[in-house]
Every structure is written in C-alpha cells, then in structure tokens.
Amino acid sequence: MSNKRNVIIVGGVAGGASCAARLRRLDEEAEITIYEKGDYVSFANCGLPYRIGGIIQNDAALVLTTPEEFWAKFRVDAKTKHEVISVDAHRKVVRVRNLRNGEEFEKNYTHLVLATGALAIRPPIPGLDLPGVFTVRTIPDTQRIRKWIEENKVRKAVVAGGGFIGLEMAENLKHLGLEVVVVEMAQQILPPMDAEMVRPLERHVVNNGVKLVLGQPVTEILKNGNSLLLKTKNGDHLPADIVIIALGVRPDLTLAKSAGLKIGPRGGVLTNEYMQTSIESIFAVGDLAEVKDFLTGETTLIPLAGPANRQGRVAADVICGRNAKFRGVQGTAVCGVFGMAAASTGLSEKTLRKLGHDNFECAYLHPRNHVAYYPGAKTIHMKIIYRRSDGKLLGAQAVGLEDVPRKIDTLAMALQLGATVFDLEEAELCYSPQYGAAKDAINFAGMIAANSLRKDSPLLSWKDGIQEENYTILDVREEDEFLDGHVENSINIPLSSLRQKIKNIPTEKPLAVYCQVGLRGHTATRILRQKGFTAFNLSGGYQTFLDIRNAD
C-alpha cells in the first residue's frame with residue numbers, strides 16, 4: 001500500500017493557497033489538488049474596495065497566483081470553476097462538479113483541507129435581491145459594481161455596515177465622486193473597538209464628506225423609480241442609486257456539514273491546535289475555522305488573512321508529520337479611511353465586561369507620532385488595557401493619521417509574548433526626531449499604567465461616573481483652556497500655580513484631577529499626593545472625557 005500523500009484542498013485565496021505551497025515545500029512527492037468554485041484560485045480580497053475606487057487599476061493586480069503558476073512553481077493541480085459538492089468522510093472521497101460543463105466525478109484523498117471561507121451576511125431584509133444591491137467578496141463582485149456605477153451614472157450610494165469593508169467601500173465610492181451614506185446598527189463604526197476610541201475616526205469620516213447614520217439597522221430596501229430607497233428602523237428614508245451590503249461574514253458550512261464535522265459554539269467548524277476538525281484526516285483553515293482565542297482560551301471566529309495564512313501552514317506541517325501548533329488568534333487588525341488609521345489587538349474593554357471580567361484597568365494617552373519640535377507631528381489616540389493584579393497587557397487600540405499600525409504591531413507582539421506594562425516602560429525602541437521620541441508612546445503607555453499600579457499616580461476612568469458628591473474635580477489646565485470648555489462642577493487651579501494655591505484646595509473629598517490629555521494631571525497628582533491629599537489622575541484628560549461623553 002502506497003504511503004504517498006494525496007491532499008485535496010477545497011478553496012484557495014489565503015488559507016488554502018498557503019497550505020498548498022507549504023505542502024509542496026515539505027513533500028515533493030505528494031499529490032496536491034485545489035478545487036476552487038470561483039474564477040480565481042488565489043486573489044487579494046482585502047484589496048477589492050480599492051479596485052472599485054480605481055486606486056488599484058486592474059483586476060490582474062489582485063490575482064496572486066494563477067493555476068498555471070501553481071503548476072509551474074509547485075506542481076499543484078489548481079482547478080477553478082470546480083465545486084466540491086459533498087464529502088464522504090468514511091470512504092475519504094469528495095464529489096466534484098465541473099461548473100464549466102456540469103460533469104461530476106469523485107476523487108479520493110488521504111487528507112482533506114477545507115478552506116471554503118465565509119459568505120457575506122444577508123439578513124432577511126426585504127429588497128436585498130433588487131438590482132443595484134451588491135456585496136463585495138470576489139473580483140467578479142467588483143466588476144459588477146463598477147459596471148453598475150458606470151452604466152447607471154450612479155450619484156448616490158448607501159453602504160449598510162460600518163465595519164472594515166463598509167468604511168473602505170465608503171472611502172472608495174467617495175473617491176469616485178459619489179454622495180455616500182454609511183448606515184450602522186451599532187452606535188459606533190468599527191463595533192469591535194471601544195466606542196470612545198473610534199470617535200476621532202468618525203469625525204474624520206464626516207469631515208471627508210461621508211454621512212454616518214448610527215444606531216439604525218436597515219429594515220427594507222425599496223425600488224424607487226430608477227433608483228432605490230433604503231429604510232432604517234427609525235423611519236429614515238435614504239435614496240440611493242447603489243447599495244453595498246457590508247454587514248460582515250459567516251462561515252460557509254455547506255461542505256463541512258455534509259462531511260459530518262462538529263460545529264463550534266460560535267458557528268464555525270471546530271478545530272484543535274493542529275487545525276484538525278472532529279475527523280482527524282480533515283482540516284479546516286481560514287474564515288471557516290473556529291479557533292482558540294489566545295487570551296481567553298475560548299473559541300472564536302476572526303476572519304483575517306494573517307491568521308488564515310498561518311493556519312494553512314500549520315495544517316500542511318501536521319499533514320507532513322511535523323509537530324506544529326496554531327497558538328490562537330488575538331484579533332490584530334487595522335483599517336485605514338481617508339488617511340486615518342484605526343487599529344487594535346487583543347481584548348477590548350467592552351469584551352472584557354461582556355465576559356464578566358473586572359480585574360483590569362485602562363490607560364488613555366494622546367501622544368504625537370514623533371517629537372513635537374519636528375514639523376508634521378500628528379496626534380495618536382491610544383488606549384491600553386491591562387490586568388490590575390500583575391500589569392499583564394490584555395489589549396490595545398489606537399487611532400490617528402500617522403504611525404498607528406507600528407504602535408499596534410509592537411503592542412501585538414508584546415501581548416503575544418505575555419508582556420506587562422512594566423515591560424512597556426523598559427521597551428527599547430528606535431528614535432529619531434522624524435520617527436518617534438526618546439520616550440516612545442509605547443513607553444509612555446507603560447509608564448502611565450505602571451504609575452497607577454504602583455499607586456504613584458493612580459488612575460480613574462471617566463466611565464466610572466465621577467460625581468461631585470464623591471470627588472472634588474480639579475481642572476489643572478490654564479484659565480483660557482478651562483473657559484473654552486470644562487467638566488461640570490470642576491474647579492480650576494492651573495498646574496502653574498498649584499503649589500502657591502494648594503491651601504485653597506478642599507480636603508474633605510478625594511481629588512479627581514484632569515488636564516487636557518493627562519500629563520499635567522499626572523504631575524499635579526504627584527504634587528498633591530506628596531502633600532497628603534488623596535488624589536487620582538483622570539486617564540486621558542479632557543480629550544478622553546469628550547470622546548467618552550460622545551460615546552454614551
């Protein structure tokens with residue numbers, strides 16, 4: 001009996017294609033076949049909105065590998081327009097339909113890798129099938145959208161969904177000169193992030209001419225003459241010549257169910273750390289696979305290209321007898337809109353609260369991307385979340401015009417290695433005036449959190465509901481800043497005169513101290529605590545207060 005591996009991979013794109021290439025590099029003798037029901041075996045689906053907007057100028061730029069290239073480089077038989085319609089796990093056989101001619105045939109395997117991906121969520125909203133309503137998942141989708149815009153002289157677009165794809169579509173439709181409205185059922189865009197962190201991005205999107213309709217799910221799409229009318233729950237009627245449905249994705253379970261695979265609690269195919277399903281010879285990778293959350297240990301679904309590629313490699317290693325393991329996902333992601341980026345890694349505050357955790361603190365800061373004296377410095381809005389008991393980093397978020405991905409990438413690696421805020425204090429990061437500061441924003445984040453945990457400058461959160469009856473709220477900004485806007489019932493004693501006026505500060509209640517972004521508040525807190533006051537620094541200062549107030 002032959003020991004030759006015969007591996008069938010269903011689906012290409014990220015996970016399937018990576019698995020095939022890795023398999024060949026590990027086993028020159030294996031028979032490797034990819035069946036892809038679409039037109040392209042491997043393409044950059046994250047680039048689709050930019051093809052629609054014309055930033056990517058041709059479809060060929062999105063095609064990563066063709067079947068011919070797969071065969072020439074790897075001797076992988078990649079067949080497009082071939083749909084695997086069923087799996088007989090007992091016989092280790094798949095049934096395949098050639099979509100070009102309708103013929104069906106069976107093929108045996110020793111190992112089966114499912115990389116069937118996800119389907120666009122299409123809730124039961126009347127009108128989703130009307131002409132002019134589109135989803136964005138494939139290159140042919142972009143072709144249909146571009147053709148519709150051109151042939152119908154589209155002027156108004158509505159995007160349903162304020163996640164990554166929704167926002168990227170809004171930006172690219174705006175680049176085409178369209179009037180654009182984004183409708184999102186949550187009270188914020190980018191719902192996985194904490195609401196106060198996306199407020200700067202929301203302002204930026206609106207300032208670039210996109211209207212945001214938040215907290216309003218779509219209820220119906222109607223034909224309105226030669227155009228469309230989108231209705232929301234509160235009764236808004238939004239006219240549109242084109243509607244893009246970007247409400248997220250769900251795993252494509254059709255084939256997995258035919259194979260009798262176990263489905264996890266989050267609705268994906270349940271896998272172990274080796275990317276094996278409930279049937280040992282069948283693997284699942286990419287958007288289909290339900291995997292471990294690196295931080296919580298619970299299973300989760302995170303449809304991102306980076307984890308999909310790594311999962312494909314792990315599956316290939318395991319098939320070839322290597323002791324590879326997928327360590328889990330932490331959800332590191334970034335979205336860029338009109339030049340501003342929003343990025344995150346690890347757990348959000350809202351997720352921790354939803355899971356019932358309370359052993360954590362949050363630190364906000366608003367540093368510049370490089371030293372202020374070098375021209376062009378831009379503000380980054382940052383938040384780190386860490387365990388109160390030992391300072392272990394749990395998550396981080398950032399929004400800004402410059403350097404956001406680098407900050408979050410650095411924190412993502414720190415988080416993966418189990419770093420604490422005390423490690424962030426000591427992190428040695430490169431510095432030059434045009435790139436950063438001698439005390440990098442990541443160092444500052446660690447210092448703020450560590451100062452709080454050491455009780456040198458303990459933090460309060462604006463979310464704790466700082467009430468006048470519980471605290472004396474002390475604004476240490478200059479008088480002109482105070483007059484431009486301040487927290488209700490706060491008293492103003494500028495840091496510059498705090499020592500001289502310290503006898504004027506009430507002592508009957510703890511002090512909640514704030515400035516504009518937190519630095520002067522920290523200095524004032526240190527002065528006051530050394531003078532015998534019970535003082536706390538309100539994290540992120542007045543800037544964070546405004547963002548949290550607007551998020552409520």
Side-chain angles (χ1 to χ4, degrees), residues 188 190-201 293-298 300 302 328-335 341-367 380-400 404-425 427 440-455 457-465 517-518 522 536-541 543-545 547-548 551:
Q188 64 173 95
L190 299 182
M193 292 182 66
D194 291 325
E196 72 277 8
M197 291 304 298
V198 299
R199 293 313 180 210
L201 183 61
D293 185 301
F294 176 73
L295 289 155
T296 67
E298 304 293 325
T300 188
I302 298 185
V329 292
Q330 62 195 65
T332 306
V334 63
C335 178
S344 62
T345 188
L347 297 169
S348 65
E349 182 180 358
K350 69 168 68 171
T351 297
L352 283 164
R353 294 195 185 282
K354 184 177 179 181
L355 293 173
H357 295 294
D358 58 8
N359 179 23
F360 69 91
E361 286 186 2
C362 305
Y364 296 89
L365 61 160
H366 306 273
I380 303 176
H381 307 277
M382 291 179 64
K383 175 181 184 178
I384 64 167
I385 305 164
Y386 51 95
R387 204 154 57 194
R388 184 182 294 111
S389 56
D390 59 5
K392 183 178 180 181
L393 188 64
L394 299 175
Q397 301 171 38
V399 176
V404 165
R406 185 166 73 102
K407 301 304 183 196
I408 293 300
D409 281 344
T410 304
L411 290 167
M413 181 58 75
L415 189 152
Q416 192 173 100
L417 295 175
T420 68
V421 297
F422 307 108
D423 295 316
L424 301 186
E425 279 187 300
D440 189 88
I442 288 170
N443 298 132
F444 268 125
M447 291 172 186
I448 292 166
N451 282 335
S452 181
L453 293 180
R454 295 186 185 111
K455 306 301 182 186
S457 184
L459 296 175
L460 285 179
S461 171
W462 293 104
K463 292 183 180 180
D464 291 337
V517 296
H522 163 63
F536 301 87
N537 188 14
L538 280 158
S539 187
Q543 174 66 64
T544 296
F545 165 76
D547 289 335
I548 288 175

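Just so you know, these numbers come straight off a predicted model, no measurement behind them.
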Heavy-atom closest pair (P200 atom, V399 atom, distance to 0.1 Å) is CB-CG1, 4.2 Å
Report yes or no: does D423 contribute a side-chain atom to a donor-acceptor pair with the main-chain N or O of T420 at less than 3.5 Å?
-> yes
Show your working on side chain to side chain contact (heavy atoms under 4.5 Å, CB included) between Y386 and L453 and close with a plain yes or no.
-> CA-CA 10 Å; Y386 51 95; L453 293 180; 3.9 Å; yes
Would you check if the side chain of N443 reaches a backbone N or O of D440 as a donor-acceptor pair within less than 3.5 Å?
-> yes
Calculate, to the nearest 0.5 Å, the distance between atoms CG and CD belonging to L347 and Q397 respectively.
-> 10.0 Å
T300 side-chain N/O to D293 backbone N/O, donor-acceptor pair under 3.5 Å = no
Minimum heavy-atom distance between K383 and C362, given as atom pair plus value = CE-SG, 3.7 Å
A363 and L459 have their tightest heavy-atom pair at CB-CD1, 3.9 Å
Heavy atoms of I442 and L424 approach each other most closely as O-CB, 3.7 Å
Indicate yes or no for a side-chain donor-acceptor contact from N359 to the backbone of S389 under 3.5 Å, with no hydrogens or angles considered.
-> yes
What are the two closest heavy atoms between A441 and K407, and how far apart are they?
-> CB-CE, 4.1 Å
Partner set under ring-ring contact (aromatic ring centres under 6.0 Å, His included) for H366, not counting sequence neighbours = H381
Pick out which of R199, M197, E196 makes a side-chain contact (heavy atoms from CB on, under 4.5 Å) with Q188.
-> R199
Could you state the interatomic distance from CD (E361) to CG (L460), rounded to the nearest 0.5 Å?
-> 9.5 Å
Distance (rounded to the nearest 0.5 Å) between R353 CZ and L355 CG | 12.0 Å
side-chain contact (heavy atoms from CB on, under 4.5 Å) involving A396 - partner list, sequence neighbours excluded | T345, I384, I408, L411
In this structure, CG of L295 is separated from CZ of R387 (nearest 0.5 Å) by 9.5 Å
Do the side chain of K350 and the main chain of P192 share a donor and acceptor less than 3.5 angstrom apart?
-> no
Between A342 and L201, the two heavy atoms sitting closest are CB-CD2, 3.9 Å
From OG (S461) to CD1 (I548), nearest 0.5 Å = 5.0 Å
Would you sort out whether L394 and F360 count as a side chain to side chain contact (heavy atoms under 4.5 Å, CB included), showing the intermediate values?
-> CA-CA 8 Å; L394 299 175; F360 69 91; 4.0 Å; yes
Is E349 reaching over with its side chain to a backbone N or O of D194, donor-acceptor style, under 3.5 angstrom?
-> no
Check: D358 main-chain N/O paired with R388 side-chain donor or acceptor under 3.5 Å = yes
Passes salt bridge (Lys or Arg N to Asp or Glu O under 4.0 Å), K354 versus E298? Steps please.
-> CA-CA 13 Å; K354 184 177 179 181; E298 304 293 325; over 6 Å; no
How long is the gap from NZ on K455 to CZ on F536, to the nearest 0.5 Å?
-> 7.5 Å
Can you list the residues that meet the ring-ring contact (aromatic ring centres under 6.0 Å, His included) rule with F422, with sequence neighbours excluded?
-> none
